[in-house]
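Every chain is numbered from 1, with letters handed out A, B, ... down the list of sequences.
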Amino acid sequence: MAVTGFMLVCFISVHLLGNLSVFFGVDAINIYAEKLHSLGPVVWIFRMAILLLFAVHITFGIQLTVENSSASPEAYAIKKRLKTTFAAESMIYTGLIILVFLLYHLLHFTVHVVHTDAVSAVQTLVNGRPDVFTMIGKSFNNAFISIVYVIAMCALFLHLSHGLQSFIQTFGLNNGKTQDIVAGIGKLAAIFYGLAYIAIPLAFLFHIVKI
Amino acid sequence: MNLTLHVWRQKGPQDKGKLETYPAKDVSSDMSFLEMLDEVNDKLIKEGKDPIAFDHDCREGICGMCSSVVNGRPHGHQEKTTVCQLHMRQFEDGADIVVEPWLAKAFPIQKDLIVDRSALDVIMQAGGYTSCHTGGVVDANSLLIPKPVADFSMDAAECIGCGACIAACPNSSAMLFTSAKVAQLAVLPQGKAEAKDRVLEMTKAMLDEGFGNCTNHYECQEACPKGISVKFIATLNREYLKSFT
Ligand code: HEM
Ligand code: SF4
Ligand code: FES
């Protein structure tokens, strides 16, 4: 869980950096996309590796949840929550929301089979490059698409707000003094990832970035 | 004080069990929780009814035998206190108190509030010891251990094996208990020799006994009457990773 979770965090970090290039004009993200595609087979190796990561993470996540609920079959008449958080208790649900979103996201921006009117923008060339910028912009000008992305990124925020500090503990990198600090930094970092990802659809939706 | 108890009653391991309501009248606020139960039991016995079965031994917070979830918290709401050391002055007059046993697949209920905790013994037998020749008594100070290391080990060794951590854990994981037992030996020279085998054997025993996996909710630390810190879980994880090197 922790190993794959950490690798997925690495992936979403790189992915975020790439995506934030929409804030630097039409060319920035188009150049980024072109570079990525020009890597050819390397991109495919990375895609397969990331899909494999997701598959392992999800399989372990489901197995873990099943094992743990079978270890605690009975519920107390009253149970006080002492230290745990909503985020920690809903890991499997936020995880599954991210999974559904992931499939939708791939159909949308990778396979180009949903919202075809918006994604068709990628067919036109701007400065000799496929216009990824306008594809993204047109999509997020659609309130429905933006809201779906925002909801999914809220789930990602919750997942990370437990997951980030959790993997530090699982790797044994904590001690008595760092415990609370790690939990705090984990939450802050989760807020950062959440806000940074949410900024992209909202920037287009509210025409802060114009296509 | 007058209280209303809602106590888990279950005739035996196979019985279904349910919460039953009993009045506890004229309770002294200086009584411990178990003394209060004793009085309720006296009355039940006089009425020819089956008394409430609960575990206890030392009644001074050191043996780890007492074990009840009181109003949704293992050992009740007072911090770092076993239920035998929980006093009735901690409750308000007229309060409703729900008393349940530890609930976990690995802790089958025997009767009422008594659960079978031998799964913890199995974990101990898997590696919670050091193998050494016992000869004459070793000279004092012949094996020097730095104070911070000794303190760390002693803090872990405070665990009395009550199982409240498991009762509090949403996954019924025994990670806090196991980590305390692994950590208390892992930092000492006597324990280092067998550290690799110990952590592997004890975590394997933990899972084989039907405890869940730790997902870092940290409920255990809050419930523990001895204030065992989840830092020992990080130590266990570290020892586990080290065992592969
Ligand atoms: C961008 C995607 C994702 C990232 C970055 C991510 C990250 C993480 C991290 C860092 C952890 C903590 C690991 C540990 O300490 O053991 C974790 C745990 C977990 N993840 Fe994910 N995850 C992602 C997607 C998913 C998905 C799609 C699922 C689908 C079911 C999922 C299910 C779980 C579960 C069940 C846990 C363990 C729960 C727990 O610790 O209580 N995750 N994840
Ligand atoms: S760690 Fe604390 S709660 Fe768990 S068995 Fe030891 S003393 Fe009891
Ligand atoms: S009876 Fe010994 S700790 Fe409570």
[X] side, atom [atom1]; [Y] side, atom [atom2] - distance, nearest 0.5 Å:
X: B/Asn237; Y: A/Ile168; atom1: CG; atom2: CD1; answer: 12.0 Å
X: B/Thr215; Y: A/Met1; atom1: OG1; atom2: CE; answer: 10.5 Å
X: B/Lys105; Y: A/Ser72; atom1: NZ; atom2: OG; answer: 9.5 Å
X: A/Asn175; Y: B/Arg238; atom1: CG; atom2: CZ; answer: 7.0 Å

Please report the closest heavy-atom contact between [X] and [Y], naming both atoms and the distance.
X: B/Ala167; Y: A/Tyr76; result: O-OH, 2.9 Å
X: B/Ala234; Y: A/Asn174; result: CB-O, 3.5 Å
X: A/Thr84; Y: B/Glu219; result: N-OE2, 2.7 Å
X: B/Ile233; Y: A/Gln169; result: CB-NE2, 3.6 Å
X: B/Tyr218; Y: A/Gln165; result: OH-OE1, 2.8 Å
X: A/His162; Y: B/Asn216; result: CE1-O, 3.2 Å

Of the backbone (N, CA, C, O) and the side chain (C-beta and beyond), which part of [X] lies under 4.5 Å from a heavy atom of chain A, both, or neither?
X: B/Phe211; answer: backbone
X: B/Glu239; answer: neither
X: B/Leu19; answer: side chain

Is it the side chain or the backbone of A/Glu74 that comes within 4.5 Å of chain B heavy atoms, both, or neither? both

Side chain / backbone / both / neither for A/Thr178 at chain B, heavy atoms under 4.5 Å: neither

Heavy-atom pair count under 4.5 Å with chain A, highest-scoring of B/Ser229, B/Ser172, B/Gly212, B/Gly210: B/Ser172

Is it the case that atom [atom1] in [X] sees more than 12 heavy atoms from other parts of the structure closer than 6.0 Å?
X: B/Glu79; atom1: CD; answer: no
X: A/Phe23; atom1: CZ; answer: yes
X: B/Tyr240; atom1: OH; answer: no

Backbone N/O of B/Asn71 and side chain of A/Lys79: donor-acceptor pair under 3.5 Å: no

Any donor-acceptor pair under 3.5 Å linking the side chain of A/Asn68 with the backbone of B/Asn213? yes

Is any side-chain heavy atom of A/Lys83 less than 4.5 Å from a side-chain heavy atom of B/His217? no

